[in-house]
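Structure record follows, encoded as structure tokens.
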2 protein chains.
Amino acid sequence: MNSKKTSANTCPIARSLAVLGDSWSILILRDAHAGLTRFDQFRKSLGIAPTILTRRLAMLTEEGLLEKRRYSEHPPREEYVLTEAGRDFLPVLFMIGTWGRQHRGDGKLVRFFDAETGTEIRPVTVDEVTGAKIGTRPIRVVMPNES
Amino acid sequence: MNSKKTSANTCPIARSLAVLGDSWSILILRDAHAGLTRFDQFRKSLGIAPTILTRRLAMLTEEGLLEKRRYSEHPPREEYVLTEAGRDFLPVLFMIGTWGRQHRGDGKLVRFFDAETGTEIRPVTVDEVTGAKIGTRPIRVVMPNES
DNA sequence: CGAGTATACTATCATATTGATAGTTAGTCA
DNA sequence: TGACTAACTATCAATATGATAGTATACTCG
């Protein structure tokens with residue numbers, strides 16, 4: 001996609017997509033949240049070609065979502081761990097998953113649990129101020145160059 | 001992307017991405033939520049090549065996120081409106097936008113308002129049951145074939 | 001020591017997808 | 001009639017993808 005001539009540079013959604021508008025990147029991030037850190041773990045989990053995986057990991061690292069870390073000097077081995085920006089991507093994953101669950105039928109599911117209490121999490125997006133659930137009230141989306 | 005051999009068929013995130021793992025589709029959906037319905041409106045707003053737009057609109061229609069509707073018989077003119085599944089995608093857009101706002105710097109912004117009260121909306125993802133904000137507590141992500 | 005294994009890649013290349021540009025169809029408006 | 005609008009389709013060069021094979025480094029076992 002060409003991010004120069006479009007509204008890409010002005011809208012936060014478009015800006016996000018410049019990094020994340022690719023299935024593999026999001027799937028890698030999903031797996032990273034599930035605890036995977038190593039090249040081969042991602043490769044096997046995703047069935048992705050190593051060429052593509054290399055590129056995606058490099059991109060996510062460059063963009064500050066993952067951090068490349070040497071976990072062994074002898075032999076030299078690298079792993080990829082989520083940065084804060086990467087961890088902050090979790091709500092997006094939650095909502096993508098929730099949408100898939102609602103509208104793409106139900107197979108087996110990725111599920112989210114509170115690590116301490118063990119209770120399952122049911123994510124919803126709400127307005128931080130009023131607490132009103134998004135989608136229950138009509139909304140006006142205002143683009144950058146409108147009033 | 002190849003959706004056959006991966007976990008694509010079992011995970012709701014992967015299933016969503018089969019339809020939405022493309023920047024243009026998400027941008028089209030964003031514009032649709034902003035009120036655009038017509039081919040040329042999307043084309044101008046996005047700066048997308050018409051060939052690609054045709055394909056994306058057809059795909060989103062086929063997948064049930066948009067509905068093609070004739071709004072004029074003479075001349076024959078079509079428009080694309082959001083279905084329920086398309087409207088349910090709003091929380092995903094919210095969270096993508098929120099992430100972009102936090103981590104991709106701040107230019108001009110797409111902003112969301114309550115259509116009735118006019119107040120600006122600050123979206124957060126929370127657990128529906130406890131109300132706890134996602135990202136503030138450690139989370140365990142469990143993949144389909146784990147215990 | 002040598003064979004086999006593990007991890008993290010890179011090289012190559014055929015095929016698929018994209019994006020830019022131009023052209024088409026069908027109708028309206030003056 | 002000629003200009004104009006909306007919604008496309010056709011063509012094609014450039015780019016990205018995915019499959020497969022190969023490489024580099026080090027460890028482990030007998």
Side-chain angles (χ1 to χ4, degrees), chain A residues 1-9 14 17-28 31-32 35-63 66-82, chain B residues 1-9 14 17-28 31-32 35-63 66-82:
Chain A
M1 199 196 120
N2 164 1
S3 56
K4 295 286 153 49
K5 292 181 182 173
T6 68
S7 52
N9 33 354
L17 292 174
V19 199
L20 301 157
D22 161 72
S23 297
W24 288 128
S25 303
I26 294 177
L27 257 12
I28 288 168
D31 280 2
L36 306 197
T37 59
R38 309 198 330 215
F39 192 93
D40 262 38
Q41 292 178 323
F42 290 115
R43 194 178 54 74
K44 281 171 191 159
S45 164
L46 300 171
I48 186 177
T51 26
I52 310 296
L53 181 56
T54 299
R55 244 180 301 188
R56 289 290 171 280
L57 288 173
M59 208 244 202
L60 289 169
T61 302
E62 226 171 85
E63 297 288 344
L66 294 176
E67 199 183 356
K68 193 172 182 171
R69 218 155 56 181
R70 178 152 290 192
Y71 71 90
S72 153
E73 285 296 338
H74 289 283
R77 289 290 142 76
E78 319 279 357
E79 66 178 350
Y80 299 86
V81 291
L82 288 165
Chain B
M1 202 195 120
N2 163 1
S3 57
K4 296 286 153 52
K5 291 180 183 174
T6 67
S7 51
N9 33 353
L17 292 174
V19 200
L20 301 158
D22 160 71
S23 296
W24 289 129
S25 302
I26 295 178
L27 256 12
I28 289 168
D31 280 3
L36 307 198
T37 60
R38 307 193 338 210
F39 192 93
D40 262 38
Q41 292 178 322
F42 290 116
R43 195 178 55 73
K44 281 171 190 157
S45 163
L46 300 170
I48 186 176
T51 25
I52 310 295
L53 181 55
T54 300
R55 242 179 303 187
R56 290 289 169 279
L57 288 173
M59 209 244 204
L60 289 170
T61 302
E62 224 170 87
E63 296 289 344
L66 294 176
E67 199 184 354
K68 192 171 184 173
R69 217 154 58 182
R70 178 151 290 193
Y71 70 90
S72 153
E73 286 296 339
H74 289 282
R77 289 289 142 77
E78 318 281 356
E79 67 178 349
Y80 299 85
V81 291
L82 288 165

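Hydrogens, waters and symmetry mates are skipped; everything else that's a heavy atom, side chains included, is used. Letters A, B, ... are given to chains in the order of the sequence lines, protein chains preceding strands, and every chain is numbered from 1.
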| field | Short side-chain to backbone donor-acceptor contact, B:Gln41 and B:Arg38, under 3.5 Å | value | yes
| Which value, rounded to the nearest 0.5 Å, describes the distance between B:Phe42 atom CZ and B:Glu79 atom CD? |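 So the CZ of B:Phe42 and the CD of B:Glu79 are separated by 9.5 Å.
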| said: What's the separation between atom OG1 in A:Thr54 and atom CE in A:Met59, rounded to the nearest 0.5 Å? | reply: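 Taking OG1 in A:Thr54 and CE in A:Met59, the distance rounds to 14.5 Å.
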Interatomic distance where [atom1] belongs to [X] and [atom2] belongs to [N] [whole Å]:
X: B:Tyr71; N: D:dC8; atom1: OH; atom2: P; result: 10 Å
X: A:Asp22; N: C:dT18; atom1: CG; atom2: P; result: 11 Å
X: B:Leu46; N: C:dG19; atom1: CG; atom2: C1'; result: 14 Å
X: A:Gln41; N: C:dT7; atom1: CD; atom2: P; result: 9 Å
X: A:Glu78; N: C:dT10; atom1: CD; atom2: C1'; result: 15 Å
X: B:Leu27; N: C:dT18; atom1: CG; atom2: C1'; result: 15 Å
X: A:Phe39; N: D:dT23; atom1: CZ; atom2: C1'; result: 13 Å
X: B:Arg55; N: C:dT17; atom1: CZ; atom2: P; result: 8 Å

| query | Within a strict 4.5 Å, meaning less than it, do heavy atoms of the B:Ile48 and B:Leu27 side chains meet? | reply |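 No - every pair of side-chain heavy atoms lies 4.5 Å or more apart.
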| Is there side-chain contact between B:Leu17 and A:Trp24, with at least one heavy-atom pair below 4.5 Å? |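 SC-SC contact between B:Leu17 and A:Trp24 ruled out.
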For the side chain of [X], starting at C-beta, report the closest nucleotide among [options].
X: B:Ala49; options: C:dA20, D:dT17, D:dC8; result: C:dA20
X: B:Pro50; options: D:dA7, C:dT21, D:dT17; result: C:dT21
X: A:Ile52; options: D:dT25, D:dA7, D:dG18; result: D:dG18

Is there a side-chain contact between [X] and the phosphate of [N], meaning an N or O under 4.0 Å from OP1 or OP2?
X: B:Lys68; N: D:dC8; result: yes
X: B:Tyr80; N: D:dA6; result: no
X: A:Trp24; N: D:dG18; result: yes

Please tabulate the protein-to-nucleotide N/O contacts below 3.5 Å involving nucleotides 11-14 of chain D, giving atom names and distances.
none

| request: May I ask you to say what A:Arg70 touches in the nucleic acid, namely base, sugar-phosphate or nothing, with a heavy-atom cut-off under 4.0 Å? | output: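 The answer is nothing, as A:Arg70 stays clear of every strand by at least 4.0 Å.
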| said: Over all strands shown, is A:Arg43 touching base, sugar-phosphate only, or nothing at heavy-atom distances under 4.0 angstrom? | reply: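 Answer is nothing: A:Arg43 stays at 4.0 Å or more from every strand.
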| query | Starting at the 5' end of DNA chain C, which residue's closest nucleotide do you reach first, A:Thr54 or A:Arg77? | reply | A:Arg77
| field | Nearest heavy atoms of A:Lys68 and A:Tyr80, plus distance in Å | value |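 Looking at all heavy atoms of both residues, the closest pair is CE-OH, 3.5 Å.
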| task | Could you point out which residue of A:Ile28, A:Leu36, A:Ile52 forms a side-chain contact (heavy atoms from CB on, under 4.5 Å) with A:Leu46? | result |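 Result: among A:Ile28, A:Leu36, A:Ile52, A:Ile28 is the only option passing the side-chain contact (heavy atoms from CB on, under 4.5 Å) with A:Leu46.
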